[in-house]
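Within every chain, numbering begins at 1; the chains are lettered A, B, ... in the order of the sequence lines, protein sequences first and strands thereafter.
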Amino acid sequence: MRLSRYFLPVLRETPAEAQIASHRLMLRAGMLRQEAAGIYAWLPLGHRVLRKVERIVREEMDRAGAIELLMPTLQLADLWRESGRYDDYGAEMLRITDRHQRELLFGPTNEEMITEIFRAYIRSYRDLPKNLYHIQWKFRDEQRPRFGVLRGREFLMKDAYSFDLDVGQGRAAYNRMFVAYLRAFARMGLKAIPMKAESGPIGGELSHEFIVLAKTGESAVFLDRRMLDLPIPGDDLDYDGDLAGLVDAWTCHYAATDDVHDAARYERETAAEDRMSARGIEVGQTFFFGDKYSAPMKATVSGPDGVDRAVQMGSYGVGISRLVGAIIEASHDDAGIIWPEPVAPFGVEILNLRPGDAAVDAACDESYGALTAAGKEPLLDDTGERPGGKFATADLIGLPWQLIIGPRGLAEGSVELKRRATGERRSLPLDDALRAICG
RNA sequence: CGGAGUGUGGCUCAGUCUGGUAGAGCACCGCGUUCGGGACGCGGGGGUCGCAGGUUCGAAUCCUGCCACUCCGACCA
């Protein structure tokens, strides 16, 4: 992409509304525009990151055997009356009335709807297990939206729902999602630690929150620091195998958010030198809640014995839009964002320090072509802005590489290559720089 | 939902106390000089001062009501 043709409205000054780093940087980097409290338009740069996060989550869901569908944002109130949650949910649920005075709601989650879909088609244990998911915008009318996309009212969420014949198979389904989450967050460059959690309005007894450690996190967390070094399951993981051992390895150490923290247990189970307190941002949560929805909503299947029984269910959420903010909280400096490569909006920024200079233009065009062909998604700053401004913008939007091409270096046959994460810069011939980027 | 604030050009803000016909910096447009870490000169465009009433000869400024947004707390993916 050529910056001169792109839409990247960067702000030199920090908008007064933004308090925390990710919100401030998303506004300054031209990723996001607030349209109302907790409701945002995703500008092109932000949208690219959102899509990359979404893609990683989708790939890991598919790999774990989940099946994608798409449910609507609006749901009938009657559906929620079946589970009893219509009245329980309170003012956080945005209620809407259509022209026929039918009561609708903007979905804050989809347990009821997926259960309704499941029960309409699935009758036999032979059709189990099933895990259905979608990636859709949700709305929760927070009393106090804040922190930009970390706590918006409208947010993009992946939510998956598992259906199994019995508790044992339900647990196995839970384990598959648990492991898929470890992989998905790690692929985004995040350390996400599963922690024992309250299940809140979703219900159930077995639940984990996946918490990204970041200095500016919303809640205090306490954990065994040995969890930070646990290995992430590799591409060769067999989701049809028994994952219980893997899940045990990730849940046998103490890790809890402050709302469920048990100081006495913490001290009993964790050696003093392994105790670690930090701050964290929740980016996903898994629930196993059995027949909480399937029983009242009569989602039953016939078992091998011919007897109908309510299916065992779990649900598994990932805050896609929230993750974009969480990644920035975990990875930025005073100059701007530092994107992990897998979620960077573009792979490399080429800075043309002197548009109009034939040699510089030619070197930039050559680089742009080569990097595009190599799938590196280059962003070429070919604008008339002065070099200082280009450097500042490049650091702000934080692409992993900066390829700096100007007349001074080119006269000596070299360009400059900068690694955003480390700040390391070196001068080298263009071909070598391109090779280094393409790795 | 309690408490505290803020709404003035695209952004950051001054002006409000003490009423007199709207400013600065940045950004934007034109010309020129510049050009490797947010340049400079000259010229220029852009604002029903959140909205609605009211007081007054006159309201960004005073009064009343409303709306929006932000922060602290409670709450929450």
For this session: Have a look at A:E142 and say if it touches a base, only the backbone sugar-phosphate, or nothing, with a 4.0 Å heavy-atom cut-off.
Result: base
For this session: Look at the side chain of A:E385 and decide which nucleotide, out of B:G38, B:C26, B:C69, has an atom nearest to it.
Result: B:G38
Exercise. With sugar-phosphate meaning primed atoms plus P, OP1 and OP2, does A:G356 contact a base, only sugar-phosphate, or nothing at under 4.0 Å between heavy atoms?
Worked result: nothing
Exercise. Atom CD of A:Q143 to atom P of B:C72: distance rounded to whole Å?
Worked result: 15 Å
Problem set entry | Interatomic distance, A:L8 CG vs B:A27 P [rounded to whole Å] | 16 Å
Exercise. If the P atom of B:A24 is compared with that of B:G45, how far apart are they to the nearest Å?
Worked result: 13 Å
Exercise. Mapping A:E218 and A:A37 to their closest nucleotides on RNA chain B, which lands nearer the 5' end?
Worked result: A:A37
For this session: Please state the C1' separation for the pair B:G3 and B:A74 - nearest whole angstrom.
Result: 11 Å
For this session: Rounded to whole angstrom, note down the C1' distance from B:U16 over to B:U61.
Result: 4 Å
Problem set entry | Atom-to-atom span, CD of A:Q285 to C1' of B:C76 - whole angstrom | 11 Å
Exercise. Taking only side-chain nitrogens and oxygens of A:R144, does any of them come within less than 4.0 Å of OP1 or OP2 of B:C72?
Worked result: yes
Problem set entry | B:G37 and B:U21, which share atom name C1', separated by this distance in whole Å | 45 Å
Problem set entry | Nucleotide of B:A74, B:G36, B:G37 approaching A:P387 most closely (side-chain heavy atoms) | B:G36
Exercise. Is there a Watson-Crick or G-U wobble partner for B:C51 with both distances under 3.5 Å, and if so, which one is it?
Worked result: B:G65
Problem set entry | Identified pairing partner of B:G19, criterion: Watson-Crick or G-U wobble below 3.5 Å | none
Seminar exercise, completed: Within residues 14-30 of chain A, the residues having a heavy atom closer than 4.0 Å to RNA chain B are A:T14, A:P15, A:A16, A:E17, A:Q19, A:R28
For this session: With C1' as the reference atom in both, quote the distance from B:U48 to B:U8 in angstrom, rounded to an integer.
Result: 12 Å
Exercise. So which of A:E349, A:M1, A:R5, A:R2 actually passes side-chain contact (heavy atoms from CB on, under 4.5 Å) with A:L380?
Worked result: A:R2
For this session: Could you give the distance separating B:C51 and B:U12 at their C1' atoms, to the nearest angstrom?
Result: 24 Å
Seminar exercise, completed: Scanning all shown strands, the Watson-Crick or wobble mate of B:C71 with both distances under 3.5 Å is B:G3
Exercise. How far does the P atom of B:C63 sit from the matching atom of B:G5, given to the nearest Å?
Worked result: 15 Å
Exercise. Hey, which of these two, A:F147 or A:A392, hits RNA chain B nearer its 5' end, going by closest nucleotide?
Worked result: A:A392
Problem set entry | B:A39: pairing nucleotide in any strand, Watson-Crick or G-U under 3.5 angstrom | B:U33
Exercise. With sugar-phosphate meaning primed atoms plus P, OP1 and OP2, does A:G406 contact a base, only sugar-phosphate, or nothing at under 4.0 Å between heavy atoms?
Worked result: base
Problem set entry | For A:F178, the option from A:F210, A:Y239, A:F287 that meets ring pair (Phe, Tyr, Trp, His ring centres under 6.0 Å) | A:F210
Exercise. Does A:R12 make a side-chain N or O approach to OP1 or OP2 of B:C26 shorter than 4.0 Å?
Worked result: no
Exercise. Taking atom P in both B:C29 and B:G53, what distance in whole Å separates the two?
Worked result: 38 Å
Problem set entry | Given B:C35, B:C69, B:G25, the nucleotide with the shortest approach to the side chain of A:A36 | B:C69
Exercise. Does B:G25 pair with anything, Watson-Crick or G-U wobble, both distances under 3.5 Å, and if so, with which nucleotide?
Worked result: B:C11
